[in-house]
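Along the sequence shown, residues carry numbers from 1. Because the structure is a prediction, the values reported are computed rather than measured.
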Amino acid sequence: MEFGFLSILPAIVAITLAIATREVIGSLFIAIWLGATFLNNYNPGTGLLQSVENFVLNSVTDPWNCAILIFTLFMGGMIGLITRSGGANAMAEALAKRAKTPRAGQLATWLIGMLIFFDDYGSCLITGNTARPLTDRLKVSREKLSYIVDSTAAPVATIGIISTWIGYELGIIYDSFQAIGVETNVYLTFLQSIPYRFYSIFALGLVVIVAVMMRDFGPMYHAEKRARTTGKVLRDGAVPLVDSTSSDLMVKEGTPLRIINFILPIVVLVGATFYGLYWHGVHVGGGDPGSLLDALGNADSSIVLLWTSLIGALVALVLAVSQRILKFTEAMDTFVSGMKSVFFACVILVLAWSLSSVSSELGAADYLVGLVTEGGVPYQIVPLVIFLIACLMSFATGTSWGTMGIITPLAIPVAYALNPAILIPTLGSVLTGAIFGDHCSPISDSTILSSTGSGADHIDHVRTQMPYAILAAVVAAVFGFIPAGFGIPVWITIPVGLVVLILFVRFVGKSTAADVLVIESDKAKAKA
């Protein structure tokens, strides 16, 4: 049965409702229900029942999907143990002790955020709370602190080779490629898309550029000038958010902070993952043991990630219990609390899979491909268009996960049909465009947590960060996705984009070095 425009209506409804209500779970389910109604002779009652029985249930029971869900839960539990045992705080404080100047303080905060790459929520709270005493002492504004924290949370987690995000991203990549009948190693496809995450890369680079050059622009310049000249890290009248982290994941008072509790679980996890992919690819997948890429390409990444996340969690648990930081019962409670922290993500993932299945049965991919090919849209601009759509939707809804889950299954078939050469750039455009909103939307949970962990006024954080986020997005669009659509390699586009950022900060930004600001202040007083 040909559904025509109705085939893409559920996805449109999901996007529209998510933007209008800022409620992703309800929007996704209503869209699934609508699609199931179309598939069941337009009977809403049958459609409601089939939504759960035929789509949600099948999404959960699919072996690949189930493995990804369990992996995500195990990762959440492991991160909870690392956090509560003081490992993350120990690593962060070790770095913070080396910073003696505002420049060094900003760079230390950036590095702490980069090291807490495995979870954006954990990064926001750990980095902010750890660096805040340091940056306050060095007269770095809370606005700047929260900006650095936010820029090293979701942008890092989405490109981390091991993180709480990877299960979700692998899940939607797998489902999108299955929908177009393309067999691919999902983990390798994920790795191939990382160089095309232009927004995330430029957002991270911009933090370093601003810190090293000690130059700022827009409202951030005035915030830094205030902090550097008056010592006020918050503006008069500011209302900083209060840290409301769960006590189940907070480090207990008096806990010895040992770096080994951070390093060992992460090293074991990353090392075991790469070895596991190689071993599984050779011994189960039949790959060539002499070729690393061939071995990795034949591995079932969902199974390997399931194994290694369990191993990483066990290492974290043994460390916490053997050092008597936590009793066994406390460690298990912490593990469960960590899993609870990613439950919302798991629900969105299941519903995104379900909506993808509904859209597939309705023939949405074929309909969209027909529209684009018949409409004569140049395939070279598809990555750019998809990036802009993802940016707008994620900003309006405040959720990158919902944006990824809704747009990816629609974008991949279009890109593949127009020209398979733009498939990876288009995938990267969705996954990084979705970060724009998670990075700077005032209703984004990670943006709110960045204000919370940094002790910043939330509106001040959003207002000062916005020009930086827009700059990174514009550079990503113009110097990243447009050239990528025309086949220009990333080893050219990324350096060019970074140079553009450096030139912008140099000629548009104003110096926030303390000595320069004092001279400017003295001159202003003399004129007065």
- Please name the residue in the list Asn89, Thr334, Asp333 that meets the side-chain contact (heavy atoms from CB on, under 4.5 Å) test with Arg84. Thr334

- Note on the structure: Given the options Val315, Leu314, Leu317, Leu81 meets side-chain contact (heavy atoms from CB on, under 4.5 Å) only with Leu317

- Sequence neighbours excluded, which residues qualify as ring pair (Phe, Tyr, Trp, His ring centres under 6.0 Å) partners of Tyr174? Trp64

- Item | Any residue meeting ring pair (Phe, Tyr, Trp, His ring centres under 6.0 Å) with Phe262, in chain and number order, not counting sequence neighbours | Phe118

- Will you find, in the side chains of Glu169 and Thr158, an N or O donor that is under 3.5 Å from an N or O acceptor? yes

- Could I get the full list of side-chain contact (heavy atoms from CB on, under 4.5 Å) partners for Pro195, not counting sequence neighbours? Val490

- Could you point out which residue of Ser354, Ser357, Ser59, Ser356 forms a side-chain hydrogen bond (donor to acceptor under 3.5 Å, both in side chains) with Asp175? Ser356

- Task: For Phe29, look at atom CZ and say whether over 12 heavy atoms of other residues, nucleotides or ligands are found less than 6.0 Å away.
- Result: yes

- Could you check Leu384 against Leu388 for side chain to side chain contact (heavy atoms under 4.5 Å, CB included), going step by step and ending with a plain yes or no? CA-CA 6 Å; Leu384 171 65; Leu388 295 176; 4.2 Å; yes

- Answer yes or no: is there a side-chain heavy-atom contact under 4.5 Å between Tyr468 and Val207? no

Can you give me every donor-acceptor pair (side chain of residues 323-330, partner residue at least two apart or in another chain, under 3.5 Å) with its distance?
unit_1, atom_1, unit_2, atom_2, d
Gln323, OE1, Arg258, NH1, 2.6
Gln323, OE1, Asn261, ND2, 3.3
Gln323, NE2, Asn261, OD1, 2.6
Gln323, NE2, Leu319, O, 3.2
Glu330, OE1, Lys252, NZ, 3.3
Glu330, OE1, Lys327, N, 2.9
Glu330, OE2, Lys252, NZ, 3.4

- Item | Any pair counted as side chain to side chain donor-acceptor pair (under 3.5 Å), so long as it reaches residues 422-433, sequence neighbours left out | Ser200-Thr432

- Message: According to salt bridge (charged side-chain N to carboxylate O under 4.0 Å, His left out), does anything in residues 267-276 pair up with another residue at least two apart or in another chain? List the pairs.
- Response: none

